[in-house]
Amino acid sequence: MNLNERQRKVLKRTFLDYQQTAEFFKNPLIVQRAEGLYYWDVEGKRYFDGIGGIFVATLGHKHPRLMAAMQRQMETLSFVPSMHGIADITLDFIEKLGEVTPGNLNYIKPYSGGSESIESAMKFTRQYFKQSGQPGKYKFISRYFGYHGATFGAMSASGTGKRKTAFEPQMGGFLKVFPPTYYRDRFSSWEECNRFCAQMFEDVIINEDPDTVAGIIIEPIGNTGGIITPTVAYFQLIREICDRYNIILIYDEIITGFARTGAMFAAQTFGVMPDIICGGKGLSSGAIPLGAMIAREGMGEAFYGPAADDVNFAHGHTFAGNPLACAVGIAVIDEIVEKQLDHKARELGDYLAARLEGLKQYGVVREVRGRGVLRGVELVKDTHTMQPYPELGSALKRTALKNGLVIRVDPTWFAVAPALIAEKSDIDELCDLIEKSLIDALERVKP
Ligand SMILES: Cc1ncc(COP(=O)(O)O)c(C=O)c1O
């Protein structure tokens, strides 16, 4: 699309997420409306939203059930500050979410997004140890290539250098290990590589002194880095390590939560439970900002006691637990459960993966990764040297938009995560658009 003078002027006065405005000018997208699986830009052009907003629109855009839930709630109550009271609907939301979380993970604090949920999980963990007789435990170990949010704590836990250097120094007490994809070529099997990478957490813990380590934070499937999908044994080993040293395991399920990987949470997909789950994005399907920190009962109970002890979680946000957002969250969960969208994500995901595997015929795809309706495709110059192909990714970003397709391109890989309302015919439409855009991109980069 073309930008007019006014749009250029106003765009210069704002700041886009993690991208240069001048770069955006070359390939702009100004969206006017969205419905279901599609966006329309201000010139009326239609785009297939192949990434559900940004792993957000679980139920597609403008889902009628969510709009109705919000409308109903607007007519009764739209705000109560958590300092003075709590909305009835917020209690309903906590109860509802607690019904679909795994095991005894049912102590819940709602928030307005992913970063807030992560920030809260880290503060909760530190305070938990302070009031449970191990005040020296404060460090967090996470992974390079991971992304946990933009606020200072969440950024310090994130492992994407480019997004951090402008804000150095980072907070102290944050350590990193590499995810399995980083070492895969040094091992004869993916399983062996995963075992090595899980073991690295223990090596760091021992050398840091276990009495100083509070938590491990990982995305079960890592988006930044290219939909990094470890083995089940990787999670099992990390769980054992956490148990051995009394370390809190935090899953950042801001992308993987709410049926995307074929179960309500990726914790269930991989069959290994954490102590805390952080949710966001898909929990509201993008209708309104919403996130949640979900802790296991034993941790939650440590924050409850006689009034004289004044034990409380010293943390809060004005808009967290907002009644409108909670009404939407309830409607999203009801829709997922009633329509069994977790099962659907598995079936649809297998179909999507098979179609993406078909792209290997072009000789520039190393691997198709992911689970359910969360898939990533790694682009390489050829499948012998496996050299990354960022030029192709950059071209793909442009050809996709030109062809009316929105996906996430990084540029050495791209991710696909359509809404769970999609049917097989929609997946075909999406994959046809991807294939066409890849062919067009190859034409642009091939000498
Ligand atoms: C895995 C993950 N964690 C945390 C966040 C931060 O969430 P938010 O942008 O809602 O603060 C994101 C956002 O992209 C994310 O992908």
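Remember, it's 1-based here, ligands and their atoms both numbered in the order they're listed.
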Run the side-chain donor-acceptor check on residues 265-281: report pairs under 3.5 Å with partners two or more places apart or on a different chain.
{"unit_1": "Gln268", "atom_1": "OE1", "unit_2": "Phe265", "atom_2": "N", "d": "2.7"}
{"unit_1": "Thr269", "atom_1": "OG1", "unit_2": "Thr261", "atom_2": "OG1", "d": "2.7"}
{"unit_1": "Asp275", "atom_1": "OD1", "unit_2": "Arg296", "atom_2": "NE", "d": "2.6"}
{"unit_1": "Asp275", "atom_1": "OD2", "unit_2": "Arg239", "atom_2": "NH1", "d": "3.3"}
{"unit_1": "Asp275", "atom_1": "OD2", "unit_2": "Arg239", "atom_2": "NH2", "d": "3.1"}
{"unit_1": "Asp275", "atom_1": "OD2", "unit_2": "Leu249", "atom_2": "N", "d": "2.7"}
{"unit_1": "Lys281", "atom_1": "NZ", "unit_2": "Ile54", "atom_2": "O", "d": "3.3"}

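By the 4.0 Å N-to-carboxylate-O rule, Glu23 lies close enough to Lys26 to be salt-bridged with it. One finds a salt bridge joining Lys360 and Glu357 here, because a Lys/Arg side-chain nitrogen approaches an Asp/Glu carboxylate oxygen to under 4.0 Å.
The side-chain heavy atoms of Phe201 and Arg143, taken from C-beta on, include a pair separated by under 4.5 Å.
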May I have the N/O to N/O pairs between ligand 1 and the protein that fall below 3.5 Å, each with atom names and distance to one decimal?
{"unit_1": "ligand 1", "atom_1": "3 (N)", "unit_2": "Tyr147", "atom_2": "O", "d": "3.3"}
{"unit_1": "ligand 1", "atom_1": "3 (N)", "unit_2": "Asp252", "atom_2": "OD1", "d": "3.3"}
{"unit_1": "ligand 1", "atom_1": "3 (N)", "unit_2": "Asp252", "atom_2": "OD2", "d": "2.6"}
{"unit_1": "ligand 1", "atom_1": "7 (O)", "unit_2": "Ser115", "atom_2": "N", "d": "3.4"}
{"unit_1": "ligand 1", "atom_1": "10 (O)", "unit_2": "Gly114", "atom_2": "N", "d": "2.9"}
{"unit_1": "ligand 1", "atom_1": "11 (O)", "unit_2": "Ser115", "atom_2": "N", "d": "2.8"}
{"unit_1": "ligand 1", "atom_1": "11 (O)", "unit_2": "Ser115", "atom_2": "OG", "d": "2.5"}
{"unit_1": "ligand 1", "atom_1": "14 (O)", "unit_2": "Lys281", "atom_2": "NZ", "d": "2.9"}

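Side chain of Arg375 to main chain of Ala415: no donor-acceptor pair is present (N/O by atom type, distance under 3.5 Å, no hydrogens or angles).
To the nearest 0.5 Å, the span separating NZ on Lys123 from CD1 on Ile118 amounts to 14.0 Å.
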